[in-house]
2 protein chains.
Amino acid sequence: MLDPVSRVRRFNRAVTSAVGALDTSFLGRGRPLGAARVLNAIGHGRTDVADIRDYLGLDSGLMSRLLRSLEDEGVVETHAHEDDARRRVAKLTRTGRREFAAYEALSNAQAESFLAKHSQRDALLAAMDMIASALTRERVALTEMDPQSDEARYCLGEYYAELGRRFKQGFDVSLSRDPDAKDMRRPRGTFIVAMSDTLPIGCVGLKGTDHGYAEIKRLWVAPAARGLRLGRRLMDATEDAARRLGIALLRLDTNSALPEAGQLYRTTGWREIPRFNDDPYPDLFFEKQL
Amino acid sequence: MLDPVSRVRRFNRAVTSAVGALDTSFLGRGRPLGAARVLNAIGHGRTDVADIRDYLGLDSGLMSRLLRSLEDEGVVETHAHEDDARRRVAKLTRTGRREFAAYEALSNAQAESFLAKHSQRDALLAAMDMIASALTRERVALTEMDPQSDEARYCLGEYYAELGRRFKQGFDVSLSRDPDAKDMRRPRGTFIVAMSDTLPIGCVGLKGTDHGYAEIKRLWVAPAARGLRLGRRLMDATEDAARRLGIALLRLDTNSALPEAGQLYRTTGWREIPRFNDDPYPDLFFEKQL
DNA sequence: GAAAATCTCTGACTAAAGTCAGGTAATGCT
DNA sequence: AGCATTACCTGACTTTAGTCAGAGATTTTC
C-alpha cells in the first residue's frame with residue numbers, strides 16, 4: 001500500500017472512475033459519445049478531418065459516418081480543402097456553435113464544482129499541473145512566439161517572481177523588464193515557449209547583439225514541469241534556431257543561486273568564461289561555439 | 001489558459017487520454033474489457049456477485065453473462081453462498097489466478113514505467129496522492145483497526161515524523177512510542193484509520209484511562225488529504241465510538257505549533273482547560289463533555 | 001405456511017463502436 | 001499522359017455493451 005507502484009495504481013483507479021463520470025456527463029445532449037467528441041474537437045479548432053481522426057484515433061469509415069450524422073443533425077458543415085480537394089474541412093454551423101458552447105459550459109461547471117469542493121485549491125491545482133505536464137510530456141510543443149505575446153509574458157512573470165524568491169538580495173524586475181524584446185525577434189533572435197496543451201510551462205529567449213555573438217536569456221521551466229528534461233529541450237531548440245539564423249557563438253550569464261541551470265550548461269558543452277557584461281545579478285558566465 | 005478552471009480541464013484532458021491507453025492495454029489478453037474488469041474484481045477479493053455488480057455498475061443480466069463467459073473460459077468458478085443459496089460467490093480457478101497475475105504484472109509494469117520516466121519521483125507521487133485523495137474523498141472509509149496494524153503504524157510513523165519537523169525542539173519518538181497501544185483497543189478505547197482505497201491517509205486514537213475520562217491522541221491527516229475536512233470526520237467518529245463505549249468525558253492535549261488542530265477543537269465544542277498531565281510536549285489542553 | 005421480497009439467470013432486444021474491402025475523385029510523380 | 005498514392009466515402013459486417021421483462025429458486029415477513 002505504501003510503495004510507489006501502489007501509489008501510482010491508486011491514482012490510476014481514482015482517476016479512471018472520475019473520467020468515466022466525466023464521459024457519461026457528455027451523453028446528456030442526446031448524442032452518442034463518439035459524435036460528441038468529434039463535435040468538440042471541431043469546436044476546439046480542429047477542422048481538418050484527417051487531423052480529427054488522428055486525434056481521436058478513429059477509423060476513417062467510422063469518422064466519415066460520425067461526420068455525416070453531425071451534418072444530418074445540422075451542427076456541422078464540410079467543404080473541400082482549399083489547396084487539396086481530396087481533403088475535407090469541417091466547421092460548426094450556428095446551431096453547432098451553440099451545442100459546442102453547451103458542452104463547454106458543462107465542462108467548466110464540472111471543473112468549478114470540483115474546485116469548489118476543496119479548500120486547498122492552490123496545492124491541488126499545482127498537483128494537477130504537475131501531473132498533466134508529466135502525462136503529456138511527449139506532447140510538449142516548443143513554439144517560437146513573440147516575446148510580448150500573452151504566453152511569453154506569463155512565463156516571464158513567473159520567471160521574475162522565482163528570481164525574486166531565490167536571490168538573497170531579491171530581484172528588481174524593472175532592471176530587466178522589456179527592453180530586450182526587440183532583440184528577441186527574428187531575424188536578430190527569437191523567443192521559444194514550451195506549451196503543454198494550453199498551458200505555457202517554460203521559455204527561453206535568444207537575444208541578438210552587435211558583438212558577434214547572441215545571448216541566451218530567461219531560461220525558465222515551470223516548477224510543475226521540472227524533471228522532464230524540458231530545460232535541455234529548450235536549450236537544444238534555441239541552439240538549432242541560432243544555427244538557422246547563422247549565429248556561430250552563444251553566450252549566457254547566470255547566477256550561482258540557480259544550481260540546476262549551471263549544471264545543465266556544464267553538461268551540454270558550455271564552458272565557463274570571464275564576466276562579459278556589467279549586469280549586477282549574474283555571477284557565472286558561459287560560452288558555446290556552434 | 002491560466003485560470004483555475006482551464007487548469008482543471010487541462011488535467012482532465014491529460015488524464016483522459018492516459019486512462020484510455022491504460023484501458024486498451026487490458027485488451028491484450030484476448031478478453032473484452034468488461035470481462036477483464038470482472039476477472040480483476042474477483043482477483044482483488046470481491047467474491048460476492050452482487051458486490052462486483054455494484055462496484056462495476058453493471059446490470060444483473062450483463063453481469064450474469066460476463067460471469068458465464070469467464071466460467072466457459074475456465075478462469076472462474078461460482079458456488080452458492082453458504083448462508084444464502086440465492087446469492088452466488090465467484091472465485092478464480094488456478095488458470096484464473098494465472099490470468100489475474102498477468103493483469104497485475106501489466107499494471108505494475110505500467111506504473112513502474114511511468115515512474116521511471118520522471119526524475120522528480122517524490123513530488124510526483126505526492127501530487128498523485130493528493131489528487132487521488134481529493135477524487136475519492138466521498139469514499140474515504142474510517143475503520144477501527146488495531147493500533148499495531150501495518151496501517152496504524154504507517155500513520156503513526158508519518159505523524160511522529162511531522163511532529164519532528166514542526167516542533168522547534170524536535171520530537172523524540174521513543175518518549176511516546178507504543179506503550180499506549182493496549183489502552184487504544186476495545187473496550188478501553190479504539191484506534192481509527194482513514195483509508196482512501198488502499199492508502200491510509202489519517203488516524204486518531206481513543207485512549208482509555210482510569211481517571212474517569214478518555215483521551216484523544218495522535219490525530220493525524222496526511223498532507224495530501226488536507227482540506228477535505230478529514231480531521232473533523234475522524235474526531236466525529238471517535239466521539240461516536242466513545243459514546244458507544246459509555247465514555248462521558250474526553251480530554252486531549254496539543255501544541256500551539258499545530259494551529260490547525262487547536263482551531264479544529266475550538267470550533268467543535270471543546271473548551272480549553274488547565275494542564276492535566278506532565279507530558280513535556282503539549283502546551284494546550286482541552287476537554288469535551290459527551 | 002402463504003405471500004412478498006430478493007437474487008440470479010435467460011431470452012430477446014437495441015445502440016454504439018469498430019473493422020474491412022472496395023470505390024471515387026483528386027493529386028503527385030515520372 | 002499515365003500510374004501510384006492519398007483522402008474520404010459506402011456497404012456489409014462483427015463485437016461489445018447495455019436494457020428489459022419475466023422465470024426460477026430461495027429467503028424473509030407476517
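Side chain of B:H118 to main chain of B:Q120: no donor-acceptor pair is present (N/O by atom type, distance under 3.5 Å, no hydrogens or angles). With hydrogens and angles disregarded, no donor-acceptor distance shorter than 3.5 Å links the side chain of B:T190 to the backbone of B:R186.
Side-chain contact, B:S69 with B:R31: no donor N or O sits under 3.5 Å from an acceptor N or O. Side-chain N/O atoms of B:D3 and B:S6 include a donor and acceptor closer than 3.5 Å. For A:T78 and A:R68, the side-chain atoms include no donor-acceptor pair closer than 3.5 Å. Between the side chains of B:R53 and B:S64, no donor N or O sits under 3.5 Å from an acceptor N or O. In this model, a donor atom of one side chain and an acceptor atom of the other lie less than 3.5 Å apart for B:T136 and B:S196.
With contacts defined as side-chain heavy-atom distances shorter than 4.5 Å, the pair A:L58/A:V38 qualifies.
Remark: B:R243 engages B:D240 in a salt bridge, criterion side-chain N to carboxylate O under 4.0 Å. Ion pairing between a basic and an acidic side chain is recognised when a charged N comes within 4.0 Å of a carboxylate O; B:E71 and B:R88 show no such pairing.
Both A:D83 and A:R37 lie near DNA chain C, and the one whose nearest nucleotide falls closer to the 5' end is A:R37. Between A:A35 and B:R88, the residue anchored nearer the 5' end of DNA chain C, judged by the nucleotide with its closest heavy atom, is B:R88.
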Please list each protein N or O that sits under 3.5 Å from an N or O in nucleotides 11-14 of chain D, with the distance.
residue: D:dG11; atom: N7; partner: A:R65; partner atom: NH1; Å: 3.1
residue: D:dG11; atom: O6; partner: A:R65; partner atom: NH2; Å: 2.7
residue: D:dA12; atom: N6; partner: A:R65; partner atom: NH2; Å: 3.3

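Direction change of the helix axis from one end of the helix from C:dG1-D:dC30 to C:dT30-D:dA1 to the other is 20°, with five pairs defining each end axis (rounded to 10°).
In this entry the distance linking CG of A:L58 with C1' of D:dC9 reads 15 Å, nearest Å. In this structure, A:L62 places its CG atom 13 Å from C1' of D:dT10, rounding to the nearest Å. In this structure, A:L66 atom CG and D:dC8 atom C1' are separated by 14 Å, rounded to whole Å. Following rounding to the nearest Å, A:R86 (CZ) and D:dT6 (C1') show an atom-to-atom distance of 4 Å. In this entry the distance linking CZ of B:F26 with C1' of D:dT16 reads 18 Å, nearest Å.
Separation of atoms CG (A:L199) and CE (A:M128) is listed at 13.0 Å; rounding is to 0.5 Å.
Read 5' to 3', the first and last nucleotides of DNA chain C with an atom closer than 4.0 Å to a heavy atom of chain A are C:dA16 to C:dT27.
Looking at heavy-atom distances under 4.0 Å, B:D84 makes contact with sugar-phosphate atoms alone, never a base. Residue contacts shown for A:R53 are limited to sugar-phosphate atoms, with no base heavy atom under 4.0 Å away.
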